[in-house]
Amino acid sequence: MRRRAKLGARLYLALVLLLMYLPVFVVILYSFNANAGRQPIAFTGFSLRNYAALFRDTRGLVESLKTSLVLALMSVSAAVVIGTLGAVGMARRRFRFSGALETVTVLPVMIPEIILAVAFMALFTAAGLRFGMGTLVLAHITFCTPYVFLLVKGRLAGMDADLEAAARDLGASPARAFLSVTLPQIVPGVFSGAMLAFAMSMDDFVISFFVTGSNVNPLPLRIYSSVKTGVSLQVNALCTLMLVFVFIVAGVGLFRPARRKKTEVFK
């Protein structure tokens with residue numbers, strides 16, 4: 001009976017992994033397709049022509065990727081500062097309406113994205129702002145900040161507040177106590193929040209569609225606009241390169257703790 005249960009659990013896990021990673025495998029496989037047509041179904045052989053065409057067309061997908069990376073880096077940088085300071089302030093200072101303020105802070109995560117996009121568009125139009133990179137950055141900061149706030153606040157919940165008080169008693173200024181005691185302990189939460197916010201910014205389409213200008217075209221918008229004429233296999237090539245980069249970063253993140261643990265054992 002126990003063997004059957006283990007076998008069923010393994011089959012279920014294998015099915016889940018297959019459903020999750022089969023589309024990814026198809027994207028990678030078709031990035032090497034020699035078929036030159038748009039939205040090609042037939043796989044005619046292996047070729048690197050899609051990768052060569054991707055790097056030749058620097059004003060197309062590559063330019064949109066650079067735009068998305070710049071947008072994500074600017075938005076996440078501001079969101080990390082705002083979210084971290086907000087989480088520290090909310091965790092250290094309790095006041096009458098702190099619960100309501102915390103709910104308002106995470107509200108962009110709970111509001112449907114289409115409603116948030118229309119609200120941004122109406123706000124920027126009423127304020128007379130020109131749609132472009134500026135409005136994109138403001139919108140992305142707004143919906144990225146709650147992710148940093150939630151993860152840092154969760155990290156602070158498991159931290160002993162007396163450590164910072166002890167540093168203050170030993171003569172450290174509030175800024176020195178924060179930098180020397182609090183910040184090193186919340187760095188994992190800050191990093192996790194930044195990575196999650198970066199992924200959300202790179203992936204966002206709905207909000208970006210409503211607040212972008214004609215001269216700014218992030219990668220999700222570029223890919224969606226190409227659907228009308230047929231998605232080129234250059235998109236598959238770009239997605240494959242991005243997946244390889246993500247796998248490398250994840251592998252390094254997994255390898256470093258294991259290597260550190262092995263070094264500590266030998267010591």
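Note that this is a predicted model, so its numbers are computed, not measured.
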4.5 Å side-chain heavy-atom contact, Ile141 and Ile82: yes

Cluster check Phe143, Val104: I/L/V/M/F/W/Y, side chain < 4.5 angstrom: no

Flag, side chain of Ser64 to backbone of Asn217, donor-acceptor distance under 3.5 Å: yes

Atom pair CG (Leu48) and CZ (Phe55), whose distance is rounded to the nearest 0.5 Å: 11.0 Å

CZ (Phe209) with more than 12 external heavy atoms under 6.0 Å: no

More than 12 heavy atoms from other groups under 6.0 Å of CZ on Phe191: no

Heavy-atom closest contact (Phe210 atom, Ala117 atom, distance): CD1-CB, 3.6 Å

Linked, directly or transitively: Tyr12 and Met20 (ILVMFWY side chains, under 4.5 Å): yes

Check: Pro188 main-chain N/O paired with Ser192 side-chain donor or acceptor under 3.5 Å: yes

OG1 on Thr212 to CZ on Phe131, rounded to 0.5 Å: 9.5 Å

Derivation and outcome, ring pair (Phe, Tyr, Trp, His ring centres under 6.0 Å), residues Phe32 and Tyr51: CA-CA 8 Å; Phe32 297 99; Tyr51 292 89; 5.2 Å; yes

Flag, side chain of Thr135 to backbone of Val211, donor-acceptor distance under 3.5 Å: yes

Single-linkage hydrophobic cluster, 4.5 Å side-chain cutoff, Phe247 and Val27 together: no

Test log, rule side-chain contact (heavy atoms from CB on, under 4.5 Å), inputs Thr182 and Leu156: CA-CA 9 Å; Thr182 306; Leu156 285 167; 4.0 Å; yes

Side chains of Pro146 and Thr105 in contact at under 4.5 Å (non-hydrogen atoms): no

Under 3.5 Å: donor-acceptor pair, side chain of Ser225, backbone of Arg222: yes

Min side-chain heavy-atom separation Pro108-Leu116 under 4.5 Å: yes

Contact summary for Leu54 and Gln234, nearest pair of heavy atoms: CA-OE1, 3.9 Å

Side-chain donor/acceptor of Asn236 to backbone N/O of Tyr30, under 3.5 Å: no

In one Ile/Leu/Val/Met/Phe/Trp/Tyr side-chain cluster, 4.5 Å: Leu22, Val16: no

Residues Lys153, Ile186; criterion side-chain contact (heavy atoms from CB on, under 4.5 Å); working and verdict: CA-CA 9 Å; Lys153 195 169 185 301; Ile186 64 174; over 6 Å; no

Candidate pair Arg130 and Phe124, rule side-chain contact (heavy atoms from CB on, under 4.5 Å), full reasoning: CA-CA 8 Å; Arg130 183 179 179 181; Phe124 295 149; over 6 Å; no

Exam field: side chain Ser31 to backbone Ile28, donor-acceptor pair closer than 3.5 Å: yes

Euclidean distance, Leu107 CG relative to Thr142 OG1, rounded to 0.5 Å: 12.0 Å

Contact check, side chains of Tyr147 and Val152, non-hydrogen atoms, under 4.5 Å: no

Rounded distance [0.5 Å steps], OG in Ser75 versus CZ in Phe198: 10.0 Å

Minimal non-hydrogen separation, Met242 against Leu219, with atom names: SD-CD2, 4.1 Å

Val249 reachable from Leu241 in the ILVMFWY side-chain graph, under 4.5 Å edges: no

Atom pair OG (Ser180) and CD (Gln185), whose distance is rounded to the nearest 0.5 Å: 11.5 Å

Value rounded to 0.5 Å, distance of CG in Asn50 from CG in Leu238: 11.5 Å

Atom CE of Met74: over 12 foreign heavy atoms under 6.0 Å: no

Under 3.5 Å donor-acceptor, Ser68 side chain and Met202 backbone: no

CA sep, side-chain torsions, deciding dist, call: Phe120, Leu138, side-chain contact (heavy atoms from CB on, under 4.5 Å): CA-CA 9 Å; Phe120 279 131; Leu138 290 175; over 6 Å; no

